[in-house]
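Here is the naming used below: chain letters follow the sequence lines, and residue numbers restart at 1 for every chain. These numbers come from a predicted model, not from an experiment.
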Amino acid sequence: MSHNPHYKQIWQTVCAIPAGKVASYGQIADLAGLPGRARLVGKSLGYIPSDMSVPWYRVLRSSGQLAFPKGSEQAMKQTGLLQDENVAVLSNRVKLASFQWQPTLEEMLWKLQQ
DNA sequence: TAAGTGACGATCG
DNA sequence: TCGATCGCCACTT
């Protein structure tokens, strides 16, 4: 499973999300060269190797909702981590209009170097 | 080989 | 905004 070469590409893309910003699963899939494979992104986040620090909590659903049910341990942790970066989380949801990451060409080129 | 399963997305009511 | 539905696709059983 973690042999899948696409996973590494996905993790690197997630690493390129700047602090204080968030991205959707579909957006990550697109940037990683896997358009339409949002579900694969979700899976890969569950397989992040422990020796890699990936800001998985900056990835949300396309609606801005957290991927986990409100009140779950994971959701509370994710909410805390996002608020530490000044991202407002209200009722298990983030305002994408204010916090969604919009990659610039420079950021994309930087990502490709990694 | 077929059926079940998801940290999803778009659409509809 | 919310839940139900369907389409989607890699992976598991």
Which of the following nucleotides, [options], is nearest to the side chain of [X]?
X: A:Tyr25; options: B:dA7, C:dC8, C:dC2; value: B:dA7
X: A:Arg39; options: C:dA10, B:dA7, C:dG7; value: C:dG7
X: A:Arg93; options: C:dA10, C:dC2, B:dA7; value: C:dC2
X: A:Leu40; options: B:dG9, C:dT1, C:dA10; value: C:dA10

Length of the line joining [X]:[atom1] and [N]:[atom2], which is rounded to integer Å:
X: A:Lys43; N: B:dT5; atom1: NZ; atom2: P; value: 12 Å
X: A:Met76; N: B:dA7; atom1: CE; atom2: C1'; value: 18 Å
X: A:Leu82; N: B:dA7; atom1: CG; atom2: P; value: 18 Å
X: A:Leu66; N: B:dC8; atom1: CG; atom2: P; value: 11 Å
X: A:Lys70; N: C:dT1; atom1: NZ; atom2: P; value: 12 Å
X: A:Gln65; N: B:dG9; atom1: CD; atom2: P; value: 11 Å
X: A:Arg61; N: C:dT1; atom1: CZ; atom2: P; value: 15 Å
X: A:Asp30; N: C:dC9; atom1: CG; atom2: P; value: 14 Å

Look at the side chain of [X] and the backbone N and O of [Y], then say whether any donor-acceptor pair between them is shorter than 3.5 Å.
X: A:Trp11; Y: A:Ser44; value: yes
X: A:Gln27; Y: A:Val59; value: no
X: A:Asp30; Y: A:Tyr25; value: no
X: A:Ser72; Y: A:Phe68; value: no

Q) If you measure from the Lys or Arg side-chain nitrogens to the Asp or Glu carboxylate oxygens, is any gap between A:Arg58 and A:Glu85 under 4.0 Å? A)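 Answer for the salt bridge query: yes.
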
(Q) Taking 4.0 Å as the cut-off, does a side-chain nitrogen or oxygen of A:Ser62 come that near to OP1 or OP2 on B:dA10? (A)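 Result: yes.
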
Q) Below 4.0 angstrom from OP1 or OP2 of C:dC11, is there any side-chain N or O of A:Tyr7? A)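 So the side-chain polar atoms of A:Tyr7 do come within 4.0 Å of the phosphate oxygens OP1 or OP2 of C:dC11, strictly under.
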
Q: Have a look at A:Gly36 and say if it touches a base, only the backbone sugar-phosphate, or nothing, with a 4.0 Å heavy-atom cut-off.
A: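 Nothing, no nucleic acid heavy atom in range.
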
